[in-house]
Participant: 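So that we are looking at the same thing, I have put the structure below in structure tokens.
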Amino acid sequence: MKKKLILGIDIGATNTKLGIVSQKGEILESSSFKTESKKGFDFFLQNLKSACAKLTLNYSVSAVGVGAPDYNVVSGNIENGTNLAWKCAPLRGELEKIFDCPVYLHNDANIAAVGEKKFGAAQGVDDFIVVTIGTGIGTGAFVQGRLLTGKSGMACEAGHLVVEVDGRPCGCGAKGHLEAYASVTAIKESVRKTLGYDLFFSEIINRYQADDGPIEAIVKSAAQFLGVGLAQMQSILLPELIILAGGGSNLGLKYKKEVERAFMSAAFKPFQNKTQLKLSEISAKHGAIIGAAALGLEGLGSIDY
Ligand SMILES: [Zn+2]
């Protein structure tokens with residue numbers, strides 16, 4: 001039997017990443033381009049078409065898996081993008097025109113959960129939440145072995161849990177939401193306000209690891225808000241595992257401990273110590289591509305998501 005290869009596509013607010021992924025979750029080749037959503041959906045589609053054509057030149061793919069923010073699985077559209085400038089983009093219809101193999105799409109945060117279940121720390125785990133800390137905070141959950149989708153596939157947007165009434169403005173237009181305090185964007189913004197200049201996130205990680213006082217205080221505050229958010233998620237779903245993924249998880253074990261401390265102290269007392277917290281073992285850099293490919297593989301296996 002011919003080896004099945006999957007094309008994984010992660011449409012992000014800043015970059016769109018693509019990869020040829022094996023059945024074991026290895027990336028054979030990858031590429032990326034700027035999403036530039038402000039230039040319009042048609043402009044994006046042209047770039048996507050040429051990037052896919054280039055990447056698949058030497059491979060035969062059996063399926064395509066796609067993760068996109070604000071994606072509605074019922075309509076097949078990206079709707080009212082929070083960090084994308086498209087009000088209604090007919091993603092599924094357009095992608096099905098491009099490829100002559102099956103295309104499976106889902107909300108990007110849900111994709112990360114599918115990836116963790118297939119290839120990561122959630123293998124064999126039926127109840128878990130993946131929290132992706134990046135430009136925003138994305139969350140995806142499996143409940144009793146099934147992906148939690150809600151009515152349109154967009155359920156579980158825990159980045160928009162309120163952690164401070166009337167607090168900081170969030171990208172979605174409301175105030176006081178978790179991602180305005182605990183995302184990589186929020187951490188970088190706090191650094192800029194405190195130091196008076198911007199730092200790359202890799203530099204923030206280095207300084208945090210080196211116990212740099214001001215940076216430590218900023219990350220600690222973000223971790224505390226995240227811990228409070230996790231306690232809220234736990235109170236509803238009581239997962240056995242929560243996985244921290246995305247660029248923010250590169251802050252490492254020291255950060256994880258800080259999040260854990262806040263999580264335990266805010267948790268519903270009978271639930272304390274009922275949920276394990278782990279850092280993702282899938283690289284933050286390629287996690288979304290691998291998750292998208294996992295969706296493609298599961299789709300081929302006819303598992304209904
Ligand atoms: Zn929000």
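One-based numbering, in listed order, for ligands and for the atoms of each.
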Participant: List the residues meeting side chain to side chain donor-acceptor pair (under 3.5 Å) with E116, not counting sequence neighbours, and say none if there are none.
Facilitator: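 Partners of E116 by the side chain to side chain donor-acceptor pair (under 3.5 Å) criterion, ordered by chain and then number, come out as S280.
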Participant: Hey, any chance F41 and F43 share a hydrophobic cluster, counting ILVMFWY side chains that come within less than 4.5 Å of each other, even indirectly?
Facilitator: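 Cluster IDs for F41 and F43 differ.
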Participant: Membership question, hydrophobic clusters at under 4.5 Å side-chain separation (ILVMFWY): are F268 and V143 in the same one?
Facilitator: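 V143 does not cluster with F268.
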Participant: Test the K117-F128 pair against the cation-pi criterion, namely NZ or CZ under 6.0 angstrom from the six-membered ring centroid and within 45° of the ring axis.
Facilitator: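 Pair K117/F128 does not count as cation-pi.
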Participant: Please, which pairs that meet salt bridge (charged side-chain N to carboxylate O under 4.0 Å, His left out) have at least one residue in residues 45-70, sequence neighbours excluded?
Facilitator: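 Qualifying pairs, neighbours excluded: none.
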Participant: Tell me, which protein N/O/S atoms are under 2.8 Å away from the Zn ion (ligand 1)?
Facilitator: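 Listed by chain and number, the atoms are H160 ND1, C170 SG, C172 SG, H177 ND1.
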Participant: Under the rule for side chain to side chain donor-acceptor pair (under 3.5 Å), what residues qualify as partners of T139, not counting sequence neighbours?
Facilitator: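 Result, side chain to side chain donor-acceptor pair (under 3.5 Å) vs T139: none returned.
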